[in-house]
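Since the structure comes first, as structure tokens, the remarks are kept for the end.
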Amino acid sequence: MLSSTNTITPAGYIRFREYLQKVCGISLSDNKQYLVASRLGKILERENFSKIEQLVDALDRPMNAKLKEEVINAMTTNETLWFRDTHPFTILREKVLPEMTAAPLRIWSAASSTGQEPYSISMVIEAFKSARPGVLKPGERIVATDICTNILQHAKQGEYDSLAIARGLGADLQSRYFDKLDDSTWKIKSNLSSRVDFKYLNLIDSFAGLGKFDVIFCRNVLIYFTVDLKQDILRRMHASLKPGGYLFLGGSEALSGLSDYFEIVQCHPGIVYKAKPR
């Protein structure tokens with residue numbers, strides 16, 4: 001693999017940072033040259049680029065859409081696990097779902113990665129419907145979006161190896177909600193996957209076409225964006241929520257300067273944000 005010293009020059013790194021922020025909103029800090037070199041090293045070698053400036057030049061050419069997709073996939077962080085942070089899913093089950101009785105439920109899982117979050121949401125819905133039959137209107141849907149195309153394909157398949165399936169998921173839920181295909185592969189049951197629609201979406205683009213939602217999960221992705229872009233995304237998410245809809249953010253994320261849009265709902269433990277009327 002090419003070294004960061006030779007490949008990622010200071011000027012080249014600045015150009016790549018600016019390009020990445022322009023096309024997908026990810027804001028790299030000043031000291032991520034090694035990260036860029038490690039994630040793009042194979043691409044640079046394959047394309048015979050000795051400097052990252054050559055890659056940026058190639059990415060600006062319209063005919064290189066596939067290369068652009070490959071670079072974004074490589075630079076996207078896809079760390080995830082089942083029922084990540086626990087509290088949001090408890091709040092969803094105990095507070096949010098009991099309020100969602102007027103129409104078929106619509107939930108958006110933004111930055112859905114390999115599918116653990118939307119499928120965890122689907123498990124919560126399934127358990128809630130079993131415990132309280134007839135409370136939710138039939139026809140609930142979960143829209144799961146991500147910018148990483150190969151990750152979306154993985155998520156659509158709904159298949160996980162033994163290591164991935166064990167991260168945050170107990171044996172009882174494994175046997176209840178997954179079919180074991182072989183000694184090392186598990187597949188999400190069709191009654192859970194059938195309510196999830198996976199779609200490509202870049203959060204810096206318009207998502208008005210997705211429609212209105214009762215609940216949005218946008219967790220552990222806004223930390224990669226600038227403050228201005230983060231606020232822009234959150235304002236547009238507010239517009240995508242039905243009146244009184246709920247927004248879940250990651251544990252290290254918080255609203256800033258948007259008190260006119262959302263109110264904090266303390267749930268002890270955990271919090272959720274409720275959309276204010278505008």
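If you're wondering where the values come from, they're calculated on a predicted model, not measured in any experiment.
- Salt bridge status for Asp179 with Lys187: absent, with no side-chain N to carboxylate O gap under 4.0 Å.
- A salt bridge links Glu69 to Lys66: one of the charged nitrogens lies within less than 4.0 Å of a carboxylate oxygen.
- Taking the side chain as every heavy atom from C-beta outward, Leu234 and Tyr261 never approach each other to under 4.5 Å.
- No side-chain heavy atom of Gln116 sits under 4.5 Å from any side-chain heavy atom of Leu81.
- With Asp232 as reference, Arg236 is the one residue of Lys230, Arg236, Arg235 to meet the salt bridge (Lys or Arg N to Asp or Glu O under 4.0 Å) rule.
- For Ser29 and Asn31, the side-chain atoms include at least one donor-acceptor pair closer than 3.5 Å.
- No side-chain heavy atom of Tyr224 sits less than 4.5 Å from a side-chain heavy atom of Met75.
- Inspection of the Glu53 and Thr9 side chains reveals an N or O donor paired with an N or O acceptor under 3.5 Å.
- Annotation for Lys156 and Tyr119: closest pair O-OH, 3.9 Å, computed over non-hydrogen atoms.
- Taking a cutoff of 4.0 Å between a charged side-chain nitrogen and a carboxylate oxygen, Glu18 and Lys22 do not qualify as a salt bridge.
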List the steps, then state whether salt bridge (charged side-chain N to carboxylate O under 4.0 Å, His left out) holds for Lys129 with Glu140.
CA-CA 11 Å; Lys129 290 175 66 176; Glu140 64 278 349; 2.9 Å; yes
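- Checked by atom type and distance alone, the side chain of Gln33 never pairs as donor or acceptor with a backbone atom of Pro10 at under 3.5 Å.
- Between Cys24 and Leu20, some side-chain heavy-atom pair lies under the 4.5 Å cut-off.
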Test Phe128 against Phe89 for ring-ring contact (aromatic ring centres under 6.0 Å, His included), laying out the working first.
CA-CA 11 Å; Phe128 182 86; Phe89 301 96; over 10 Å; no
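- The backbone N or O of Leu169 sits less than 3.5 Å from a side-chain atom of Gln174, completing a donor-acceptor pair.
- More than 12 non-hydrogen atoms from other residues, nucleotides or ligands lie less than 6.0 angstrom from NZ of Lys212.
- A donor-acceptor pair under 3.5 Å is absent between the side-chain atoms of Arg219 and the main chain of Phe248, judged by distance alone.
- Ring pair Phe178/Trp82: centre-to-centre distance below 6.0 Å.
- At least one side-chain heavy atom of Ile142 sits less than 4.5 Å from a side-chain heavy atom of Ile125.
- Counting only heavy atoms from C-beta outward, the side chains of Phe262 and Leu241 approach each other to under 4.5 Å.
- In terms of hydrophobic clustering, with Ile, Leu, Val, Met, Phe, Trp and Tyr side chains grouped at heavy-atom distances under 4.5 Å, Val96 and Val265 are assigned to a common cluster.
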